[in-house]
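Below: one structure, written as structure tokens.
Proteins come first, then strands; the chains are lettered A, B, ... in the order of their sequence lines, and each starts at number 1. Heavy atoms only: backbone and side chains are in, while hydrogens, waters and symmetry mates are out. Keep in mind that this is a model prediction, so the values were computed, not measured.
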2 protein chains.
Amino acid sequence: MMETYRDSHDRALTDYPRPSVAVDTAVLTVPPGAALSVLLVRTGDEWRLPGTFLHERERLADAVLRSLQTKAGVSGLSPRQLHVFDDPARDNRGWVLSVAHLDVVPWSRLTIDESLAKIVPVTDAGALPYGHNEILDQAVASIRSSYATTPDPAGLLEHPFTLRQLQQLHETIAGEPLMRDSFRRAMEPQLAATGELAAGTVGKPARLFARA
Amino acid sequence: MMETYRDSHDRALTDYPRPSVAVDTAVLTVPPGAALSVLLVRTGDEWRLPGTFLHERERLADAVLRSLQTKAGVSGLSPRQLHVFDDPARDNRGWVLSVAHLDVVPWSRLTIDESLAKIVPVTDAGALPYGHNEILDQAVASIRSSYATTPDPAGLLEHPFTLRQLQQLHETIAGEPLMRDSFRRAMEPQLAATGELAAGTVGKPARLFARA
DNA sequence: GACATTTAGCGCGGATCTGCGATAATTGCA
DNA sequence: TGCAATTATCGCAGATCCGCGCTAAATGTC
């Protein structure tokens, strides 16, 4: 075991006041045929974003993944930090810092425990406690900005996919229709054609792509 | 005094492990005629970004301002969060989370204590400890992005200023020359002409502006 | 086999953006 | 009184972007 550090007053770091540190996560996904949606968990009679307190020497991203697993039965992917909420009056249990996160997870990974959690369109989340609406707004702004110029950066689509599937996904996330030609001109240079064609549908079969 | 919260195991929040929380800040400024620069403070024989541990129930921004005052004799302005560094091995004194910040401060406010601190061009900062180079990189990227479309959002220039002064400031921050006409076309609609003219220089006097 | 359906992509007019040169205005300086 | 210096603005040509319509290709269905 390593020696405990002592400062010039012979005090260890743990002799000074420290906050509890929590993580709260907006898990965003796009269910088939539905709108951009967020994962909520129930505590008592209210719905909130899943979160947990940081364990000893745990990485923030690991705490996020652990909270998703235990609070909703969900296997997260790659949480990204959004913001630290530091209002000491925000949590009436005590002095708590909360690090907000975003994790974008494909619908196919989201086999949730329905007794614990639900997935609702972001527009239907309603009033959430602890300033979680602000986290949700930041999360939505973040995913929209990342999808504006890059084809499916979070990998919501299974490989391979057609241009139309990609455009419909981007329209769902943007919350508005996109111009077909502009979309193709912007995205196609960033994709790799597999050479395969989609089958089984009426009409000319679509080319299949993968992210480059 | 409020009752201490107890969870279902009859434990208070402080019975669980908590990290020490620090703030580290990249203070950026533009000295007259010089390049985009950063404030460094000396600890022992090495230079680093100023930082401090969070005091009890202190806001992060307040901790930043306090650290600038005590570590460098500088009055900061409005710190913005950049990122939380959470590697438990980052600080050999113990388990420390560090919240990186950016504060953009006009040169005229920066009467620093030269025995404690110095201001150097960001390109000359050299190797900093504790991953502070990463913070500096993020800070530079952040200020560049905010100055790309908005005239002097941090208020580095005294009111009023000429278009040329504004452009020179933006060029210093961008680290590259900007087109005169494009710059004017982008910025002038966001400015308010005072109606006054600059005086004392050779040539046609320039119009003076303020941020709208 | 004719037809509807869907994908793919070309072409074009219009709008916008960009860099540059030219010019006028206004000042200090020789 | 000229002259250099600087600001401010216009005009233009080229580039790029954008939306739209049209056509061709390829498939399943009737």
Side-chain angles (χ1 to χ4, degrees), chain A residues 30 32-33 144-153 156-212, chain B residues 30 32-33 144-153 156-212:
Chain A
V30 176
R144 283 188 177 152
S145 138
S146 69
Y147 270 73
T149 59
T150 309
D152 191 22
L156 286 176
L157 283 181
E158 310 281 338
H159 268 177
F161 48 81
T162 71
L163 264 180
R164 181 160 303 273
Q165 290 173 318
L166 183 68
Q167 179 171 348
Q168 282 169 347
L169 171 66
H170 280 243
E171 286 176 338
T172 303
I173 289 170
E176 61 182 15
L178 302 174
M179 293 290 120
R180 185 172 57 99
D181 241 16
S182 295
F183 183 79
R184 183 174 56 83
R185 287 194 270 238
M187 297 300 171
E188 198 183 320
Q190 305 182 60
L191 296 173
T194 64
E196 310 278 309
L197 298 179
T201 58
V202 177
K204 176 175 176 178
R207 295 162 64 200
L208 291 173
F209 293 89
R211 285 180 293 280
Chain B
V30 176
R144 283 187 176 152
S145 135
S146 67
Y147 271 72
T149 58
T150 310
D152 191 20
L156 286 177
L157 282 181
E158 309 281 338
H159 270 178
F161 48 81
T162 70
L163 265 180
R164 181 160 302 273
Q165 290 173 318
L166 183 68
Q167 180 172 348
Q168 282 169 349
L169 170 66
H170 280 245
E171 286 176 337
T172 303
I173 289 170
E176 61 183 13
L178 303 173
M179 293 291 119
R180 186 170 56 100
D181 242 14
S182 296
F183 183 79
R184 181 174 59 83
R185 287 194 269 237
M187 297 299 171
E188 198 183 321
Q190 305 182 60
L191 296 174
T194 64
E196 310 277 310
L197 298 179
T201 57
V202 177
K204 177 175 177 177
R207 296 162 63 201
L208 291 173
F209 293 89
R211 284 179 294 279

Check: Say you draw a straight line from CG of B/L156 to CG of B/L169; how long is it, rounded to the nearest 0.5 Å?
Finding: 5.5 Å
Margin query: I need the residues from residues 202-211 of chain B with at least one non-hydrogen atom less than 4.0 Å from DNA chain C; give them sorted by number, or say none.
Written below: B/V202, B/G203, B/K204, B/P205
Notebook entry, point to check: Near DNA chain C, under 4.0 Å by heavy atom, which residues of residues 158-172 of chain A?
Noted result: A/R164
Next item on the list: Please figure out whether A/M179 or B/R180 has its closest DNA chain D nucleotide nearer the 5' end.
Entry: B/R180
Next item on the list: Can you sort out the partners of B/R185 under side-chain contact (heavy atoms from CB on, under 4.5 Å), two or more places apart, ordered by chain and number?
Entry: B/D181
Acceptor/donor pairs from residues 170-177 of chain A side chains to any protein atom, 3.5 angstrom cut, sequence neighbours excluded:
from: A/H170; atom 1: ND1; to: A/Y147; atom 2: O; distance (Å): 3.0
from: A/H170; atom 1: NE2; to: A/D152; atom 2: N; distance (Å): 3.1
from: A/E171; atom 1: OE2; to: A/Q167; atom 2: NE2; distance (Å): 3.3
from: A/E171; atom 1: OE2; to: A/L178; atom 2: N; distance (Å): 2.9
from: A/T172; atom 1: OG1; to: A/Q168; atom 2: O; distance (Å): 2.8

Check: If you walk 5' to 3' along DNA chain C, what is the first nucleotide with an atom under 4.0 Å of a heavy atom in chain B, and what is the last?
Finding: C/dT18 to C/dG28
Notebook entry, point to check: Side chains of B/F209 and B/Q190: closer than 4.5 Å at any heavy-atom pair?
Noted result: no
Margin query: Could you report the tightest heavy-atom contact between B/A198 and B/P205, atom names first, then the distance?
Written below: O-CB, 2.9 Å
Notebook entry, point to check: A/M187 CE to D/dC18 P: how many Å, rounded?
Noted result: 12 Å
Item checked: Spacing of CZ belonging to A/F183 relative to CG belonging to A/L163, to within rounding of 0.5 Å -> 7.0 Å
Notebook entry, point to check: Considering all heavy atoms of both residues, which atom of B/S146 and which atom of B/P153 are nearest to each other, and what is their separation?
Noted result: O-CG, 3.5 Å
Margin query: Taking the side chain as everything from C-beta on, heavy atoms only, tell me whether A/L197 gets closer than 4.5 Å to A/R207.
Written below: yes
Check: Going by modelled atom types, is there a donor-acceptor pair between the base of D/dC20 and the side chain of A/D181 at under 3.5 Å?
Finding: yes
Note to self: Using the side-chain contact (heavy atoms from CB on, under 4.5 Å) criterion, which residues pair with B/P160? Sequence neighbours excluded.
What the structure shows: B/T194, B/L208
Next item on the list: Could you state the atom-to-atom distance from CZ of B/R185 to P of D/dT9 in whole Å?
Entry: 12 Å
Note to self: I need the CZ-P distance between A/R184 and D/dC18, as an integer number of Å.
What the structure shows: 14 Å
Notebook entry, point to check: Do you know which two heavy atoms are closest between B/R211 and B/L157, and how far apart they sit?
Noted result: NH1-O, 4.1 Å
